[in-house]
Number of protein chains: 2
Amino acid sequence: MLTSNDLALARQCTLLKALDPADLDHLIDAGSVIRLARNQQLFSQGEPAKALFLVVEGQIKLSRLAPDGSEAVVHVFGVGETFAEAAMFMGGRYPVTATAVTESRLVSISNARLRDQILAKPETAFAMLASMAQHLKLLVAQIEQMKLLTTRQRAIRFLLDQSGQTEGPARFSLPHDKALIAHRLGMKPETFSRALAELAKHGVRMSGSQVTIEDVGRLGDLLSVE
Amino acid sequence: MLTSNDLALARQCTLLKALDPADLDHLIDAGSVIRLARNQQLFSQGEPAKALFLVVEGQIKLSRLAPDGSEAVVHVFGVGETFAEAAMFMGGRYPVTATAVTESRLVSISNARLRDQILAKPETAFAMLASMAQHLKLLVAQIEQMKLLTTRQRAIRFLLDQSGQTEGPARFSLPHDKALIAHRLGMKPETFSRALAELAKHGVRMSGSQVTIEDVGRLGDLLSVE
DNA sequence: CGGTTATTTGACGGGTATCAAACACCGTGG
DNA sequence: CCACGGTGTTTGATACCCGTCAAATAACCG
C-alpha cells in the first residue's frame with residue numbers, strides 16, 4: 001500500500017514530477033507496491049520488461065552477470081530514483097539484473113500505461129527523455145572514471161561525491177557495504193580498503209561506516225596531483 | 001547540400017525512420033549539412049547544445065577530456081547513426097567532445113524543431129526514446145567489458161563484433177586506427193598491439209588493416225577459457 | 001624518395017588482483 | 001553476560017598484467 005510519503009517521492013522524481021495528480025494516480029494504482037528482502041532479485045537480465053520502478057525505500061543494484069558468475073555493478077539506485085525506463089524501448093527485455101541491496105519497497109509503473117500517457121500528453125515524453133538523459137550522463141561519467149582514473153582517484157571522487165560539498169570539513173556515512181562500493185568503482189574490496197587506508201594521511205577518518213573528512217577542498221586537490 | 005543517398009540514410013536510422021516524409025523534410029532543411037576535416041572538432045564538452053547530428057559520411061568520435069589532457073573515448077559513430085540526442089535534455093549542454101576521425105559529412109537537426117515535432121506527433125518521442133535506449137545499452141555493455149574482461153578478452157570481443165559472424169572463417173578491415181580502437185577498448189595502443197600479436201596463435205592474421213580469422217567460433221571459445 | 005605518422009617490440013616498474021589469514025562487528029542463543 | 005558463528009573488513013605476501021618510456025620498424029603520402 002502506498003503511503004503519503006511514497007506519493008511525495010513520486011512527485012519529486014524527474015520522471016513523474018511533470019504529471020498532473022490525476023495522471024499520476026492512474027499510473028500508480030494501489031496494487032503496484034513491491035517488497036523485496038535483502039538480496040532478493042526483482043528481475044534478471046533477458047527477462048521481458050513489463051514495468052519500470054520507483055524506489056521508495058531501500059536500494060536497488062543493477063548489474064550484469066558474466067557466464068562465469070562474476071558481476072559488474074552498473075549502478076545502485078536509492079530512494080526517489082526511477083530505473084529500467086529504457087527497457088521498454090530495447091526489444092522489451094531488461095539488459096541487466098536488478099537486486100535489492102537492503103530490504104526495499106518499490107512502486108512499479110506499467111510500461112503500457114506510461115506509453116498511453118505519452119501519447120495522450122506529449123510533455124510526458126520530455127520527462128522520460130530527461131530521465132534517460134540523466135542515466136546516460138551517469139554512465140558516461142562512469143566510463144570516463146574507469147578509463148582514466150586510478151583506483152585511488154576513484155575512491156577520492158566517490159568520497160567527494162558522497163560528501164556533497166566542495167570545501168570545508170564533512171561527515172557522512174557510506175551508503176552501503178564497502179564491498180559493494182568497491183564493485184561500483186570497478187575494483188576489488190581489498191583494493192578499496194587499502195585506498196581508504198592511505199587517505200588517512202590526507203584527513204580522511206573512518207569509524208565503521210562513518211566518514212570524516214578534515215578538508216574536502218584539500219582532498220580534491222589530490223585528484224590533480226597524481 | 002543533401003544527396004539522395006543522405007536522405008535514404010535518414011529514413012533508415014532509428015530516430016528518423018518513423019517520421020512522415022514531410023516532417024523529415026522540415027527537420028532537415030537545406031542549410032544544415034556540415035563538413036568536417038579529419039581531427040576537426042564539431043563541439044566540445046560544456047558547450048550549449050543546439051542540435052543533434054546524423055553521420056552521412058565518415059566517423060565521429062565522442063570523448064571526455066580530463067584537465068591533464070588525457071581523453072576517454074566514449075563511442076565512435078559511423079554512417080547512418082545519430083548522436084547527441086540526450087544533450088538537449090541535460091541542461092542543454094554537451095557532456096562530451098565530438099571530433100571527426102576521418103573527413104566527414106553530417107546533417108544537423110535542430111533541437112527546437114525536434115521538440116516541436118515531438119509535441120505535434122507523440123509517436124516521434126518513441127523513436128527518440130528508442131534511440132537513446134540503444135545508446136544506454138551500448139554504454140552498459142562497455143562498462144561491463146571494462147569491469148570484468150581482461151585486455152586480451154576485450155580485443156577478442158572487438159574482433160568478433162567486427163566480423164559480424166558467430167562461426168566459420170572471416171575477413172574484414174578495421175574501422176579505424178589501431179590506436180583509436182585501443183582507446184575505445186580502454187587500453188593503450190601498445191597493449192592492443194601485443195594482444196593482437198598473441199592472437200596469431202589462435203588463427204588471427206593481420207596485414208595492414210585487413211583482418212583474417214580462421215575460425216570465429218574457435219576464437220570465441222577463448223573468451224571463456226581465461 | 002624523404003619525411004611524417006602508425007605500429008611494433010623491448011625492458012622495466014608500479015598498480016592491482018589474488019590468495020590467505022587475522023581481525024572486527026553483530027545478532028543469536030546458551 | 002559471554003560464547004559463538006556469520007559476515008564484513010583489514011592486512012600481508014606474492015604474481016602478473018598493463019602502462020610507461022624508448023627505440024626500431026613499417027606504412028603512408030606528397
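First the proteins, then the strands, lettered A, B, ... as listed; each starts at 1. What you see is a predicted model, and the numbers here were worked out from it, not measured in a lab.
What separates NE2 of A:His183 from P of D:dT9 is a distance of 12 Å, to the nearest Å. Counting to the nearest Å, the C1' atom of C:dC25 and the CD atom of A:Gln210 are 15 Å from each other. To the nearest angstrom, P of D:dC18 lies 8 Å from CE of B:Met187. Straight-line distance from the NZ atom of B:Lys147 to the C1' atom of C:dT16: 16 Å, rounded to whole Å. Taking atom CD1 of A:Ile181 as the reference point, atom P of D:dT10 lies 10 Å away to the nearest angstrom. Look at CZ on A:Arg154: it is 13 Å from P on C:dG15, rounded to the nearest Å. Rounded to an integer number of Å, the gap from A:Glu198 CD to D:dT10 P is 13 Å. Between B:Leu174 atom CG and C:dA6 atom C1' the separation is 13 Å, expressed in whole Å.
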Nucleotide N/O to protein N/O under 3.5 Å, stretch nucleotides 7-11 of chain C:
{"from": "C:dT7", "atom 1": "OP1", "to": "B:Lys178", "atom 2": "N", "distance (Å)": "3.2"}
{"from": "C:dT7", "atom 1": "OP2", "to": "B:Lys178", "atom 2": "N", "distance (Å)": "3.1"}
{"from": "C:dT7", "atom 1": "OP2", "to": "B:Ala179", "atom 2": "N", "distance (Å)": "3.2"}
{"from": "C:dT8", "atom 1": "OP1", "to": "B:Lys178", "atom 2": "NZ", "distance (Å)": "3.0"}
{"from": "C:dT8", "atom 1": "OP2", "to": "B:Ser193", "atom 2": "OG", "distance (Å)": "2.9"}
{"from": "C:dT8", "atom 1": "O5'", "to": "B:Ser193", "atom 2": "OG", "distance (Å)": "3.2"}
{"from": "C:dG10", "atom 1": "N7", "to": "B:Arg194", "atom 2": "NH1", "distance (Å)": "3.1"}
{"from": "C:dG10", "atom 1": "O6", "to": "B:Arg194", "atom 2": "NH2", "distance (Å)": "3.2"}

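Residues A:Leu136 and B:Ala86 come closest through the heavy atom pair CD1-CB, 3.5 Å. The two residues A:Gln162 and A:Pro175 come nearest to each other via the heavy atoms OE1-CD, 3.6 Å. B:Phe53 and B:Ala84 get closest at one heavy-atom pair: CD1-CB, 4.4 Å.
Residues satisfying the side chain to side chain contact (heavy atoms under 4.5 Å, CB included) criterion with B:Thr166, sequence neighbours excluded, are absent altogether.
Axis angle across the helix from C:dC1-D:dG30 to C:dC26-D:dG5, with five pairs used at each end and values rounded to 10°: 40°.
More than 12 heavy atoms of other residues, nucleotides or ligands lie within 6.0 Å of CD in A:Gln41, so this atom counts as buried by the packing criterion. Other residues, nucleotides and ligands contribute only 12 or fewer heavy atoms inside 6.0 Å of the CZ atom of B:Arg35.
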Output side-chain donor-acceptor pairs under 3.5 Å for residues 185-210 of chain B, partner residues at least two apart or in another chain, one line each.
{"from": "B:Glu198", "atom 1": "OE1", "to": "B:Arg152", "atom 2": "NH1", "distance (Å)": "2.9"}
{"from": "B:Glu198", "atom 1": "OE1", "to": "B:Arg152", "atom 2": "NH2", "distance (Å)": "3.4"}
{"from": "B:Arg205", "atom 1": "NH2", "to": "B:Ala200", "atom 2": "O", "distance (Å)": "3.0"}

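Side chain of B:Lys147 to main chain of A:Arg184: a donor-acceptor pair is present (N/O by atom type, distance under 3.5 Å, no hydrogens or angles).
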Treating primed atoms plus P, OP1 and OP2 as sugar-phosphate and everything else as base, which nucleotides of nucleotides 23-30 of chain D get B, S or - for protein heavy atoms under 4.0 Å? --------

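Across all strands shown, B:Arg38 has heavy atoms under 4.0 Å from sugar-phosphate atoms exclusively, and none from any base.
The closest side-chain heavy-atom distance from B:Ile109 to B:Leu16 is below 4.5 Å.
Contacts classified as ring pair (Phe, Tyr, Trp, His ring centres under 6.0 Å) and involving residues 135-170 of chain A (residues at least two apart or in different chains) are given here: A:Phe77-A:His135.
Side-chain contact of A:Ser70 with A:Asp68: a donor-acceptor pair under 3.5 Å is present, judged by distance alone.
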